[in-house]
2 protein chains.
Amino acid sequence: MDMLDRDGLTESEFLQRYSPGDYERPSVAADMVIFTVTDADADSYRKLPEKELRVLLIRRGGHPFLGQWALPGGFVRPDETTEQAAARELQEETGVDDVYLEQLYTFSDVGRDPRTWVMSCSYMALADSSQLQLQAGDDADDAAWFKVSYRLLRERKELIDGGFIKALQYELRLSSGEVELAAVVERTVTAKPASTATSYSIISNDGLAFDHAKIIAYAVERLRGKVNYTDIAFNLMPKLFTLTELQQVYEVILDKELLKAAFRRKVADLVAETDHYTENAGHRPSRLFRRNMEDYR
Amino acid sequence: MDMLDRDGLTESEFLQRYSPGDYERPSVAADMVIFTVTDADADSYRKLPEKELRVLLIRRGGHPFLGQWALPGGFVRPDETTEQAAARELQEETGVDDVYLEQLYTFSDVGRDPRTWVMSCSYMALADSSQLQLQAGDDADDAAWFKVSYRLLRERKELIDGGFIKALQYELRLSSGEVELAAVVERTVTAKPASTATSYSIISNDGLAFDHAKIIAYAVERLRGKVNYTDIAFNLMPKLFTLTELQQVYEVILDKELLKAAFRRKVADLVAETDHYTENAGHRPSRLFRRNMEDYR
DNA sequence: TGAATAGTGTCTTTTAGACAGTATGAC
DNA sequence: GTCATACTGTCTAAAAGACACTATTCA
């Protein structure tokens, strides 16, 4: 390119002389909602264990939010993308690097970090629990996998002039052993004649650092939204699994029971059967399946 | 909170003494893909005009990418969210402030801005064209509304060890009067046994600044994805519209013809009929509808 | 009257929901 | 045989696709 600008400079001349101004810049953190699905303790050896959706949190060892629980994350460096920063943190926290990673949303509320101007570019990671070391307190950090519950608590709709406001409050409950965290997050849809806007806010929060309740709520909603029309759930499954296990994963994500026959029809093209079966259960063995890579939509 | 950290400080003491380190921070820009739908010139007064999906671009008056076309946007300031920055830029560029705004994705590729470290937090805005001044060259800037075409160009699938790579190339064409811009963007899905990853890359680019071809492609895909299961399209409609116009908007977004009867069934609950009709068309008048705000799902 | 669009009726196909039935291995 | 789960068959209901038909205005 040889175009000259107002000062008669070429692009390379311009770039050589360019110096960034000294206006303020934010720090950008990559924070991660790492989901996995684990087995609950079975009541009896004959019953199948229930599945639980879990998320990794880290107990803060310093101010601010000392003693509270936060999502794993860290600051993005100049030589990497936000995604690479997320993958790097994930590797450091969990020791795995080959997991599903999806950018969620960039949170930038003023004052969301009391120290300084920090934006959070958040990611959702999905990992098969059999590849993870699930023990808490692995690092010097106090890390733990929390069971996730996210349920509609209250619903309010109000008609306004030519539109409406709809507010949905969801209760987020996180539990790990003795530790119980809870928060209420509200999603508000404001529909006006010309435009519709959606906003999230934290109504109450007990034990979660920063605005991380909002980020986790956003992640659960994204996961629920995608589970039905994508094959995202397979990122939570081991290589071989039974169709009942796959259904349990869908159910624990959606917090809703599904009908077996309909579920099997729905996933029929997504899975491929193998010649392996489960063994030594107190009941009929189940065929093991793997993800079907051949005819992907 | 009166918890003390390792140094024996309370949270407020900690914050008072806190000083941000001098490590490098990125600039964060809010860039916007502003969509609207306009009428093409009708062949005959008796025929209905076709609809066109349009996006606002600004011709760069300085380096880098001098003379090329870029999305409107600007840097986020410390006292505002990325969304507020986007809304502010939108107001400055188009004079409207009551439009639909949705965060898309944060692009952070290293070197995406040749000057310095800049991330782009991108937004999609949807506006009713009757509220906009559609003339180009409104500001001192050279601004124009480009007709958007986004079509699948090539599809490639390759089976790899235990997984596959699927690459979809889309051609993005933007035209405004004599100006024609074109780019090819590839979406690559890499499915491995443990995880699936999706990435976007620019294959070719003629006339678009920065990585904005990728951002526009991402916006079109988001819009197409949401049009079928949300009421997002109403943000592109005037207060009163015919069902044929609504269908045309769906069709121009999806780049696909829809069946009239099925379409009307689908949107039946989303619209409310009025007692007004179109007038002076060269054919039977059409009932005007408005968006139904009463029974929102 | 005819060109062009508005709007409806109905048949078929597909998909989802519901539920009952049979099958099988460990004890 | 019994328990618990595996797996299948089939009826019904709802949604989507396809297409033809009638209705209405204006030049």
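All values reported here derive from a predicted model rather than from experimental measurement. Sequence lines set the chain letters: A, B, ... in the order given, protein chains first and strands last, and positions in each chain run from 1.
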Asks: Going by atom types alone, do Thr196(A) and Arg291(B) pair a side-chain donor with an acceptor below 3.5 Å?
Replies: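 Per modelled atom types, Thr196(A) and Arg291(B) side chains form a pair under 3.5 Å.
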Asks: Considering just the side-chain nitrogens and oxygens of Ser286(A), establish if one lies under 4.0 Å of OP1 or OP2 belonging to dA6(D).
Replies: yes
Asks: Please find the pair of heavy atoms, one from Gln247(A) and one from Leu258(A), that lie closest to each other, and give the distance.
Replies: NE2-O, 3.0 Å
Asks: Between Lys166(B) and Glu155(B), is there a salt bridge with N-O shorter than 4.0 Å?
Replies: yes
Asks: Closest nucleotide of DNA chain D for Gly282(B) versus for Lys256(B): which of these residues is on the 5' side?
Replies: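 Upstream on the strand: Lys256(B).
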Asks: Measure the NZ-CG distance between Lys239(A) and Leu288(A) for me, rounded to the nearest 0.5 Å.
Replies: 13.5 Å
Asks: Nearest-Å distance, NE2 (His283(A)) to C1' (dC3(D))?
Replies: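 For the pair His283(A) NE2 and dC3(D) C1', the rounded distance is 10 Å.
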Asks: Between Arg284(A) and dC7(D), is there a contact of a side-chain N or O with OP1 or OP2 at under 4.0 Å?
Replies: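 So the side chain of Arg284(A) is outside the cut-off, no N or O lying under 4.0 Å from OP1 or OP2 of dC7(D).
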Asks: Whole-Å distance between dC7(D) C1' and Glu245(A) CD?
Replies: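 To the nearest whole Å, that distance equals 16 Å.
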Asks: I want to check one thing: is the phosphate of dA26(C), taken as OP1 and OP2, less than 4.0 Å away from some side-chain N or O of Arg46(A)?
Replies: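 So the side chain of Arg46(A) is outside the cut-off, no N or O lying under 4.0 Å from OP1 or OP2 of dA26(C).
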Asks: May I have the distance from Leu259(B) (atom CG) to dT13(C) (atom C1'), rounded to whole angstrom?
Replies: 13 Å
Asks: Categorize Arg287(B) for me: base, sugar-phosphate, or nothing, with a 4.0 angstrom heavy-atom threshold over every strand shown.
Replies: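 Sugar-phosphate only.
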Asks: Answer yes or no: does a side-chain N or O of Thr244(B) lie under 4.0 Å from OP1 or OP2 of dT5(C)?
Replies: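 No.
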Asks: Pick the nucleotide of DNA chain C nearest each of Ala262(A) and Glu279(A); which residue has the one closer to the 5' end?
Replies: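 Closest to the 5' end, via its nearest nucleotide, is Ala262(A).
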Asks: Output the rounded distance in Å from OH (Tyr277(A)) to P (dT24(C)).
Replies: 10 Å
Asks: To the nearest Å, give me how far apart CG (Leu246(B)) and P (dG7(C)) are.
Replies: 12 Å
Asks: Quick one: Arg265(A) CZ to dC11(D) P, roughly how many Å, whole number?
Replies: 13 Å
Asks: Whole angstroms only, please: what is the CZ-C1' distance between Arg264(B) and dA15(D)?
Replies: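 In whole Å, dA15(D) C1' and Arg264(B) CZ are 19 Å from each other.
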Asks: What contact category does Leu243(A) fall into here, base, sugar-phosphate, or nothing, at under 4.0 angstrom with non-hydrogen atoms?
Replies: nothing
Asks: Specify the residue among Lys260(B) and Tyr45(B) whose closest nucleotide of DNA chain D lies further upstream toward the 5′ end.
Replies: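 With Lys260(B) and Tyr45(B) compared, the 5'-side residue is Lys260(B).
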Asks: What residue among Tyr218(A), Tyr105(A), Tyr170(A) forms ring-ring contact (aromatic ring centres under 6.0 Å, His included) with Tyr200(A)?
Replies: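 That would be Tyr218(A); it is the only one of Tyr218(A), Tyr105(A), Tyr170(A) passing the ring-ring contact (aromatic ring centres under 6.0 Å, His included) with Tyr200(A).
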Asks: Can you check the Phe263(A) CZ to dA6(D) P distance for me, whole Å?
Replies: 12 Å
